[in-house]
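Working notes, beginning with the structure itself.
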Amino acid sequence: QVQLVESGGGSVKAGGSLRLSCVASGLTYSTACMGWFRQAPGKEREGVAALFTGGGSIDYADAMKDRFTVSQDDSKRTLYLQMNSLKPEDTAMYYCAALSRVYSASWCDRQFVDGRHVKWGQGTQVTVAS
């Protein structure tokens, strides 16, 4: 059974940084789509970034690509989200998502979560004060 555990959220002042982590278990790490998504109160879920764990380009949301960086450590089965120059509007619950048994990077843009069999973590709260 796929499990995703996020950590690293917290409260920071505008301009600060945080690094979120998502540890994955129950899947073959190199054959999955994984990504970060966020949802603020009263707003729709928003895709931050997504990638194919087997390698290739990363699909970033335009509004975040200059401040946020996704990386992964295969040996730790962990996906990271480095967030710099945080703004109050970045305040949201951040979720990690995964779709396992994926064999092509072409599946892994931010829309992969619209399909079936997607697993979600419990989320980690990020609050940015002005």
Side-chain angles (χ1 to χ4, degrees):
Q1 182 177 359
V2 176
Q3 289 190 321
L4 305 171
V5 179
E6 302 103 328
S7 61
S11 297
V12 297
K13 292 184 178 180
S17 297
L18 284 173
R19 188 176 81 155
L20 307 184
S21 300
C22 171
V23 180
S25 60
L27 54 75
T28 301
Y29 190 82
S30 61
T31 56
C33 295
M34 291 189 70
W36 288 99
F37 300 81
R38 69 184 187 183
Q39 189 164 22
K43 294 188 177 181
E44 293 188 353
R45 186 183 66 208
E46 183 179 22
V48 176
L51 56 74
F52 175 54
T53 55
S57 61
I58 300 172
D59 178 32
Y60 285 101
D62 287 343
M64 291 164 249
K65 63 183 179 181
D66 293 333
R67 300 184 295 120
F68 293 4
T69 303
V70 171
S71 61
Q72 59 180 346
D73 185 332
D74 294 4
S75 67
K76 296 181 179 179
R77 307 170 63 84
T78 300
L79 185 72
Y80 300 100
L81 178 64
Q82 177 68 45
M83 304 185 294
N84 299 325
S85 302
L86 283 162
K87 304 175 181 180
E89 52 264 42
D90 294 317
T91 295
M93 186 71 81
Y94 284 71
Y95 297 92
C96 176
L99 176 65
S100 60
R101 301 181 182 178
V102 174
Y103 302 98
S104 171
S106 63
W107 284 90
C108 299
D109 59 18
R110 285 169 287 134
Q111 284 69 49
F112 84 83
V113 293
D114 294 336
R116 299 172 63 188
H117 308 302
V118 176
K119 300 297 183 182
W120 293 89
Q122 82 287 352
T124 185
Q125 177 69 38
V126 171
T127 302
V128 185
S130 57

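Contacts of Trp120 classified as ring pair (Phe, Tyr, Trp, His ring centres under 6.0 Å), with partners at least two apart in sequence or in another chain: Phe37. In terms of the side-chain contact (heavy atoms from CB on, under 4.5 Å) criterion, residue partners of Thr127 (sequence neighbours excluded) are, by chain and number, Ser11, Thr91, Gln125. Taking the side chain to side chain donor-acceptor pair (under 3.5 Å) definition, one finds that Tyr95 meets it with nothing, sequence neighbours left out. Residues passing the side chain to side chain donor-acceptor pair (under 3.5 Å) test with Arg77, sequence neighbours excluded: none. Under the rule for a side chain to side chain donor-acceptor pair (under 3.5 Å), Ser130 has no partner lying at least two apart in sequence or in another chain. Partners of Thr69 according to the side chain to side chain donor-acceptor pair (under 3.5 Å) rule, which considers only residues two or more places apart in sequence or in another chain, do not exist here.
Residue Val23 is found outside any hydrophobic cluster, as its side-chain heavy atoms come under 4.5 Å of no other Ile, Leu, Val, Met, Phe, Trp or Tyr. Taking Ile, Leu, Val, Met, Phe, Trp and Tyr as members and joining any whose side-chain heavy atoms lie under 4.5 Å apart, directly or through other members, Tyr103 forms no hydrophobic cluster with any other residue.
Taken to the nearest 0.5 Å, the OG atom of Ser30 stands 9.5 Å off from the CD atom of Gln72. For the atom pair CG (Asp109) and CD1 (Ile58), the distance works out to 13.5 Å, reported to the nearest 0.5 Å.
Counting heavy atoms from C-beta outward, Phe68 and Leu86 have side chains that approach closer than 4.5 Å. Proximity of Leu79 to Leu51: side-chain heavy atoms (C-beta onward) are separated by under 4.5 Å at one or more points.
Cluster annotation: Tyr80 is not connected to Tyr29 through the hydrophobic network of ILVMFWY side chains, with a link wherever side-chain heavy atoms come within less than 4.5 Å. Met93 and Trp36 are members of different hydrophobic clusters when ILVMFWY side chains are connected at heavy-atom separations under 4.5 Å. Linking Ile, Leu, Val, Met, Phe, Trp and Tyr whenever their side-chain heavy atoms come within less than 4.5 Å puts Met64 and Leu18 in one cluster. Tracing side-chain contacts under 4.5 Å through hydrophobic residues (I, L, V, M, F, W, Y), one reaches Met83 starting from Val128; they form part of the same cluster.
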- Task: Evaluate the side chain to side chain contact (heavy atoms under 4.5 Å, CB included) criterion for residues Val126 and Leu20: first the C-alpha distance (whole Å), next the side-chain angles of each, then the deciding distance (0.1 Å), finally the verdict.
- Result: CA-CA 9 Å; Val126 171; Leu20 307 184; 4.1 Å; yes
- Intermediate values then yes/no, side chain to side chain contact (heavy atoms under 4.5 Å, CB included), Met34 and Cys96: CA-CA 7 Å; Met34 291 189 70; Cys96 176; 3.7 Å; yes
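Listed for the Tyr60 side chain is a donor-acceptor partner under 3.5 Å among the backbone atoms of Val70. Remark: the backbone N or O of Thr124 is not paired with any side-chain donor or acceptor of Glu6 at under 3.5 angstrom.
For residues 33-86, the set of pairs meeting the disulfide (SG to SG under 2.5 Å) definition, not counting sequence neighbours, comprises Cys33-Cys108. Applying the salt bridge (charged side-chain N to carboxylate O under 4.0 Å, His left out) test to residues at least two apart or on different chains, the pairs with a partner in residues 52-69 are Asp59-Arg110, Asp62-Lys65, Arg67-Asp90. Residues in residues 12-28 take part in these side chain to side chain donor-acceptor pair (under 3.5 Å) pairs, two or more places apart or across chains: Ser17-Asn84.
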Would you tabulate the side-chain donor-acceptor contacts of residues 40-49 under 3.5 Å, counting partners in other chains and residues two or more places apart, or write 'none'?
unit_1: Glu46; atom_1: OE1; unit_2: Arg38; atom_2: NE; d: 2.8
unit_1: Glu46; atom_1: OE1; unit_2: Arg38; atom_2: NH2; d: 3.3

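In plain terms, the two heavy atoms of Phe112 and Ala98 that are nearest each other are CE1-C, 3.9 Å.
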